[in-house]
Amino acid sequence: MPPNREALLVEALAAAAPTAVVFDRFYAEEAFSFRVRELAPRALRILDMQDFHALRACRQRLAEAGAPPAGVLAARPDAHAPECLRELAAIHRSDLTLVCSPVEMDMLVRHYGVPASKLVLAPFFAPPSPYDQQAAGGAQAAAAAAAGQSSAAAAAAPGQSSTAAAARGGSAACPPFHERRHFVMIGNWRHPPNLDSARWACSELWPALRAALPAGEREHAELHLYGAYAAGAAQQLHRPKEGVRMMGFAPSLDLMLRYRALLAPLRFGAGLKGKIVDAWWHGLPVLTTPLGAEGMTAADADPADLVTAGTAVAAAQAAADPACDGHVWQLGDGSVCSEAEAAAGSSQDDWGGLCSADTSAGLAAAAALLYSDEQLWSSCQQRGFQLLRLLYDAERNLARVHAAVEAAAAELEARRASDFTGAMLWSQQLRATEYFSRWIELKETLKQQGGNLAERIRPDFDILRNKPSLCYLDTAATALKPNAVLKAMHDYYHMSTANIHKGVEHELSKESTDHYEAARRKVAAFINAPRPEEVVFTRNATEAINVVAHGWGLQNLGPGDQILMSVAEHHSSLAPWQQVAQKTGATIVDVCLTEATQEIDLEDLQAKLRPGKTKIVVMVHLSNVLGSVLPADRVCQLAHEPVALAGGPCLLPGAQAGALVLLDSCQYLPHRTTDVQALGCDWLVASGHKMLGPTSSGFLWGRYDLLCTMEPLMVGGSTTGEIHFGAHSNVPPPLRFEAGTPAIAEAIGLGAAVDYLTALGMDQVNQYEEELARELYCQLAGLPGATILGPPPDVPMGRASLAAFYIDGCDMMQLAAELDKQHMAVSAGFHRVKPLHQDYLHIGPTMRASAYIYNTKDEIQRFVAALRQCMEAQQRLRKPS
């Protein structure tokens, strides 16, 4: 999007603060939707698509290839075709989509997986709806008086119909019936479907129509076509001797005043819908047909998929609401309908719409009757005026629009939350995606099989397709990467590679900066941070911990101060604080585990908090070995409380500061909802590669007031504010801690990973992983001699879907190597928590299997079965002969 258009968009959205944004066709949605979503996230996004263009193009190709009419009508575009994917993606990203016909609505829901709640029929296909008796009575009165109006119109002042003038505000002359001649079509014939409509009208409709005219009219009536058409097409269609004239560009729509009827056939989704209101304004009755139906056999089509024409009087008596649907198909009264029915040889339901035969006789008969019957013509003209008045009833229509938007907005949040595909496409910011294509392909299968989360998303991970025998149970070490993450990084390198946060940014630099900062906002929203500036991008969680240890610890700790850490801490957390303790004279105090369940012992933690001495509590949020979950909110509450003196009452708040809390959430964040404000922690760190993001990505979240007091771990580049030969100053967070050129693509990839998890919904992720955790624990518990570390799944805080274990008499390292030969990926060793193994639990290496959203129970069962075989083989080899 050029910068000037973006500026206009930003200005308009800021000024309007819209509750709804309408995109005219899916091209506009592609160009503007993501910017609109960012600037007006709560606005209802409406895609006014009108036609499913992929369907129109598909039908056009079939028609040009000479396919039978019934086959053309039944055509369905290939879901994997780019043109189809782009439109489907636009529909899924929108909250509400206007489509053209019942055929399309049924097709989009049944065959392409579009939620029915997203779709409404386009206005000219909307079913009748009741409206007030006064309007119905007015319509009937107008129709009943039609017989006397034709003579009155003829007796009116020359060139002026009093009724028409009243309806149109008396703006221009509206000639009566006897002063009008010929049929007219207006459109852009350079557009292939419109040209197709013109060819059909000239070659099929017009000969039948001309033949149906009374003898006195047949010799003089003509069909005039206005529009932008290629010279070759014009020469082919221009047949004056047959009554067909190509008139060139329409100089003014006032030319409608000279014609008796407008032909507006809708051919494969293209036609003259836009000219219908103008025709009403000029007192010109309209003849039209349903989408893709004119002149075609409907024997194989579902009648419910096809819209048929009624009559002006019948429509009024049925109390149809023209302000809601337009009803441009009404052509006459009941008696006329019977005559047309007889002329067309079709049923009343088909008259004026889709003919039963594979010719255009029905529509031609109706058009001929309208052209020659002044009473019928006047009745239809009055109906057009009535519709026009209702169409321009601004107060009534605005009230209806506001009511519709308010009703939709009330359901919007729930609808967005339940629309997995829409959320996914939003998060990926892609126009057409491999993911979407595969989702369509799998939809019916998953519907029949009741596919679980893993079955739904496994197609998103190419590595699982490229290595179909792989059983990956090592997510605790690093997670697999979905295609959306890889695509986001690919797009950065291929479309907007540039450095960021430059003083004067060129276009690519600005795009890169926008993507980088958008990723920061996504992470902040994912953890419910009060402000994006509290999120600092790092290469990994290890760096994030070091930023706190060196930026805060070295400045605030001294001899006698205590650092409380659990015995289950990762080396990446333990080593930096050991280094800080050595430099400052502070002491690290270990917090033990409960004996029964091997969870963090909160009583031990509370007992070891020392008044004025415990300055920081560093805790793993979810252990990568034990699978235990820390009640982090309770830990933060205990740490922050003013500490009571031994044997004395609790001090008043502020009398002695409590300790700060740093949470290592590397294993927690990818699996459960995280809310830093609800937790009450002071810092939180996470690594991107464990949450579906790329390697060399991670972040530190910290309270902004704390970040402002911390010294950066590294300086240079964007970290400096004022700088001279003698000194420099630091910029505010977060750039204060992001020295040099950061890992831009990795941060963007992390943002895509956050989008992916957000689209899935962390509640759904946690619910599915609870099933995996129970399956993994129960399967391993059935192995003879197996000891699983950590709590059982039924403890109040639950258990992660990982299990570290050892088996009596078995070499766990060797077992892991044997499993690898069977394409089973697990970890064996100390898992970078060696003090827990050797110093606290006094055990050797363990094997760890860790499942995630792309794993299935079947994989867990296959893993345990393979493990059992390897274990038995190893035990047989060790048994003395």
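For clarity, every value in this text was computed on a predicted model and none was experimentally measured. As a basis for the values below, the full set of heavy atoms in this structure was taken, side chains included, without hydrogen atoms, waters or symmetry mates.
In this structure, the separation between CE on Met185 and OH on Tyr226 is 13.5 Å, given to the nearest 0.5 Å. Rounded to the nearest 0.5 Å, atoms CG (Asp48) and CZ (Phe26) are 13.5 Å apart. Here the CD1-CG distance, from Ile853 to Asn766, works out to 12.0 Å after rounding to the nearest 0.5 Å.
With contacts defined as side-chain heavy-atom distances shorter than 4.5 Å, the pair Glu517/Pro532 does not qualify. Counting only heavy atoms from C-beta outward, the side chains of Leu262 and Pro285 never approach each other to under 4.5 Å. The closest side-chain heavy-atom distance from Glu455 to Asn452 is below 4.5 Å.
Remark: side-chain polar atoms of Glu87 are not paired, donor with acceptor, to backbone N or O of Cys84 under 3.5 angstrom. Looking only at distances, a side-chain donor or acceptor of Thr497 sits under 3.5 Å from a matching main-chain atom of Tyr492. Between the side chain of Ser512 and the backbone N or O of Ser496 there is at least one donor-acceptor pair closer than 3.5 Å. Between the side chain of Lys481 and the main chain of Gly693, a donor-acceptor pair closer than 3.5 Å is present. No donor-acceptor pair under 3.5 Å is formed between the side chain of Arg45 and the backbone N or O of Ser33.
Using the six-membered ring where Trp is involved, Tyr854 and Phe461 have ring planes that are perpendicular, over 60° apart on the 30 and 60° scheme.
A pairwise comparison of heavy atoms in Ala43 and Val21 identifies CB-CG2, 4.1 Å as the closest pair.
His53 and Arg25 form a side-chain donor-acceptor contact under 3.5 Å, judged by distance and modelled atom types alone. Side-chain atoms of Tyr756 and Asp460 form a donor-acceptor pair, as typed in the model, at a separation below 3.5 Å.
A salt bridge links Glu83 with Arg61: the closest approach of a Lys/Arg side-chain nitrogen to an acidic carboxylate oxygen falls below 4.0 angstrom.
Here the options are Arg37, Lys487, Lys522, the test is salt bridge (charged side-chain N to carboxylate O under 4.0 Å, His left out), and the partner is Asp755; only Lys522 passes. Considering Thr513, Leu508, Asp514 in turn, Leu508 is the only one that fulfils the side chain to side chain contact (heavy atoms under 4.5 Å, CB included) rule with Glu511.
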Step by step, work out the side chain to side chain contact (heavy atoms under 4.5 Å, CB included) result for Leu253 and Ile186. CA-CA 9 Å; Leu253 289 180; Ile186 304 174; 4.2 Å; yes
Give the C-alpha distance, both sets of side-chain angles, the deciding distance and a yes or no for side chain to side chain contact (heavy atoms under 4.5 Å, CB included) between Val485 and Asn483. CA-CA 5 Å; Val485 171; Asn483 297 333; over 6 Å; no
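Around CD of Gln767, the count of heavy atoms belonging to other residues, nucleotides or ligands within 6.0 Å does not exceed 12.
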